[in-house]
Amino acid sequence: MDLKSRGKSKKVHYHSQQGNRSMLDGKGKVPVNSDRKTKRIFADQYVDAELTTGRKTKERNRKVPPRSIWVSSRMKDATSSTAHAQEFNGEWTSKGKEADVLGCNTYGLLKKHNQRKSDRSKRLIQSQTKHSDVSPSAYAKKTVRKKQSLTNDDSELDDQPKKKKRIIRLDPHDISNKRLDDGIVTNENTEEKKTEIEKEAEMSKNAEFRAIKPSPSILSFVEDNLLGRRRLIELKRAGYNVELSAPLDNIPFSTSSERERIEENIFRNKMEFFAAAKVSSSFPAPDLPEIAFAGRSNVGKSSLLNALTRQWGVARTSDKPGLTQTINFFKLGSKLCLVDLPGYGFAYAKEEVKDAWEELVKEYVSTRVGLKRVCLLVDTKWGMKPRDHELIDLMERYQTRYQIVLTKTDVVFPIDVARRAMQIEERLKANKSIVQPVMMVSSKSGAGIQSLRTVLTKIARFAKL
Ligand SMILES: Nc1nc2c(ncn2[C@@H]2O[C@H](COP(=O)(O)OP(=O)(O)OP(=O)(O)O)[C@@H](O)[C@H]2O)c(=O)[nH]1
Ligand SMILES: [Mg+2]
């Protein structure tokens with residue numbers, strides 16, 4: 001039974017070797033996708049082949065790397081060397097078998113055979129080195145070494161000190177740590193300081209503004225005309241139809257026939273554009289008394305012209321500063337001429353173009369015959385700016401009559417409208433060419449428009465060319 005099983009096992013082993021051989025014999029290559037068992041057999045054969053080299057088994061077994069490493073990962077590279085080992089093994093077994101069959105298994109023959117065996121093993125090593133640069137064992141060693149080196153490299157990389165960003169912390173007040181390349185940092189600091197100073201100035205300005213106490217007359221004017229930001233419910237309660245555009249300019253309970261009559265005569269006329277000028281030489285002849293609307297870009301000059309005449313769209317408006325680029329002349333019946341001036345200050349235009357507009361405006365307000373009043377529009381929220389003061393100075397010099405009109409009153413609280421009016425009145429009270437009081441309007445809600453109409457109508461009525 002034992003012998004049988006042994007014989008069987010031998011047979012099985014032999015067959016398996018044969019099978020492998022047949023696989024290798026063809027082209028000396030093993031399909032990469034061969035099953036695990038095959039791989040294991042190759043590995044065993046490889047070990048067998050190694051044993052034939054005469055090295056100690058224990059040592060070999062210890063040094064051979066785990067089969068899975070070289071069998072699975074580098075099967076193709078290893079096939080050539082394995083094939084040779086296999087070939088030799090196969091040859092040996094077949095020859096040995098032949099000898100057994102012939103009954104020549106004597107001591108002398110064995111000796112010869114052993115000698116041949118060692119020769120072959122030597123040849124095998126030579127061929128292995130010939131066919132593949134690296135022997136399987138050496139290859140296995142190499143892979144292990146490679147792996148080790150890789151891990152070592154990784155650890156080395158980890159160990160390497162990473163480049164840190166240079167952070168320079170400076171105390172702005174400490175001169176001892178000043179360096180040549182700290183210029184930018186110090187500049188930043190000065191800029192920061194500047195902005196801080198500006199902020200402080202702004203804060204003090206705001207505080208100053210909040211401290212203004214408007215006169216009772218201004219306060220009552222603001223309340224009567226419902227100026228400032230108002231809730232719709234408030235306007236409704238006061239009897240205005242909020243469905244209409246500029247509802248506060250629709251006088252629901254008008255009892256003043258006198259005012260209506262005047263208004264009918266002047267501002268109920270159709271507004272007609274009749275001239276545009278880029279240079280003073282193209283100004284039209286001064287046939288009518290003129291009222292001009294000046295101010296910074298986007299302050300609401302063109303919108304006010306439309307609101308005063310209730311003719312939306314005659315003077316073109318835009319939310320982009322710098323739409324009006326020429327001096328535009330509008331006739332209002334046969335009595336009055338309204339003039340829309342280009343704005344100054346910030347606008348979407350080239351610097352030289354803006355300078356040209358400003359020069360044109362200055363020329364117009366200082367030399368124009370028939371100019372009865374300049375309405376200098378100031379944004380209620382922002383107040384007067386240096387360029388406004390420049391124009392005021394010029395008008396003062398040329399004795400051009402001007403009146404301040406606060407615009408966009410609907411965006412600030414009523415109390416702030418009153419404060420702004422008070423602030424400007426106080427600031428300009430020493431001026432000679434100014435016409436008081438400061439007017440307050442909103443082209444959007446219509447607040448104060450009627451009052452401005454009344455003031456301007458008087459000019460038309462009494463103006464003499
Ligand atoms: N909330 C509010 N917005 C207004 C008022 N008046 C004008 N605007 C808006 O302000 C923007 C500028 O108005 P414009 O009338 O074109 O201003 P402008 O002064 O003629 O501007 P330039 O022609 O560029 O100098 C537009 O978007 C208007 O709708 C107002 O009383 N209240
Ligand atoms: Mg305009």
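Residue numbers start at 1 and run along the sequence shown. Order of appearance sets the numbers: ligands from 1, and atoms from 1 within every ligand.
Ligand-side atoms of ligand 1 in range of Lys444: 1 (N), 2 (C), 30 (C), 31 (O), 32 (N), range being under 4.0 angstrom from any heavy atom. Set against the non-hydrogen atoms of Gly343, the atoms of ligand 1 under 4.0 Å away are 25 (O). Atom numbering of ligand 1 starts at 1 in the shown order; those under 4.0 Å from a heavy atom of Asn298 are 11 (C), 12 (C), 17 (O), 18 (P), 19 (O), 21 (O), 22 (P), 24 (O), 25 (O). Every atom of ligand 1 with a heavy atom of Asp319 under 4.0 Å away is listed here by number and element: 27 (O). Near Ser442, meaning under 4.0 Å from any of its heavy atoms, are these atoms of ligand 1: 31 (O). Listed by atom number, the atoms of ligand 1 under 4.0 Å from Asp410 heavy atoms are 1 (N), 2 (C), 30 (C), 31 (O), 32 (N). Listed by atom number, the atoms of ligand 1 under 4.0 Å from Thr324 heavy atoms are 23 (O). Listed by number with element, the atoms of ligand 1 under 4.0 angstrom from any heavy atom of Ser302 are 15 (O), 20 (O).
Side-chain atoms of Gln311 and Lys270, non-hydrogen and from C-beta on, do get closer than 4.5 Å to each other. Using a 4.5 Å cut-off on side-chain heavy atoms (C-beta onward), Phe221 and Ser451 make contact. Side-chain contact between Pro214 and Ile415 is present, with at least one heavy-atom pair separated by less than 4.5 Å.
Put simply, no part of Thr407 is less than 4.0 Å from ligand 1, judged by heavy atoms.
Taking any N or O of Leu323, backbone or side chain, at least one lies under 3.5 Å from an N or O belonging to ligand 1. Close N/O approach between Ser303 and ligand 1 is found [any backbone or side-chain N/O within under 3.5 Å]. In terms of polar-atom proximity, defined here as any N/O pair under 3.5 Å, Val411 makes no such contact with ligand 1.
Less than 2.8 Å away from the Mg ion (ligand 2), the protein contributes these N/O/S atoms: Ser302 OG, Thr324 OG1.
Atom NZ of Lys335 is surrounded by 12 or fewer heavy atoms from other residues, nucleotides or ligands within 6.0 Å. The number of heavy atoms from other shown groups lying within 6.0 Å of CZ (Phe273) is above 12. The neighbour count for Phe209 CZ, taken as heavy atoms of other residues, nucleotides or ligands under 6.0 Å away, is above 12. Few gaps surround NZ on Lys408; more than 12 heavy atoms of other groups in view lie less than 6.0 Å from it.
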Name each donor-acceptor pair under 3.5 Å that joins a side chain in residues 378-386 to protein atoms two or more places apart or in another chain, with its distance.
from	atom 1	to	atom 2	distance (Å)
Asp379	OD1	Lys381	N	3.1
Thr380	OG1	Thr407	O	2.5

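A donor-acceptor contact shorter than 3.5 Å is absent between the side chain of Glu425 and the backbone of Pro437. Of the possible donor and acceptor atoms, none in the side chain of Asn225 sits under 3.5 Å from a partner among the backbone N and O of Ala447.
Contact annotation: for Ser318 versus ligand 1, heavy atoms closer than 4.0 Å belong to the backbone alone. Contacts with ligand 1 closer than 4.0 Å are made by backbone heavy atoms (N, CA, C, O) of Pro321 only, the side chain lying farther away.
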Verdict with reasoning, Asn431 to Ser433, per side-chain hydrogen bond (donor to acceptor under 3.5 Å, both in side chains): CA-CA 6 Å; Asn431 287 13; Ser433 298; over 6 Å; no
Arg230 and Asp410: CA distance, side-chain angles, deciding distance, salt bridge (Lys or Arg N to Asp or Glu O under 4.0 Å) verdict: CA-CA 7 Å; Arg230 305 277 171 167; Asp410 56 289; over 6 Å; no
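Aromatic ring pairs are classed by plane angle as parallel below 30°, tilted from 30° to 60° and perpendicular above 60°; the pair Phe283 and Phe329 is perpendicular.
With salt bridges taken as basic N to acidic carboxylate O contacts below 4.0 Å, one links Glu426 and Lys429.
Atom 8 (N) of ligand 1 has its closest protein heavy atom at Lys408 CE, 3.7 Å. Counting protein heavy atoms only, atom 31 (O) of ligand 1 is closest to Ser443 N, 2.8 Å.
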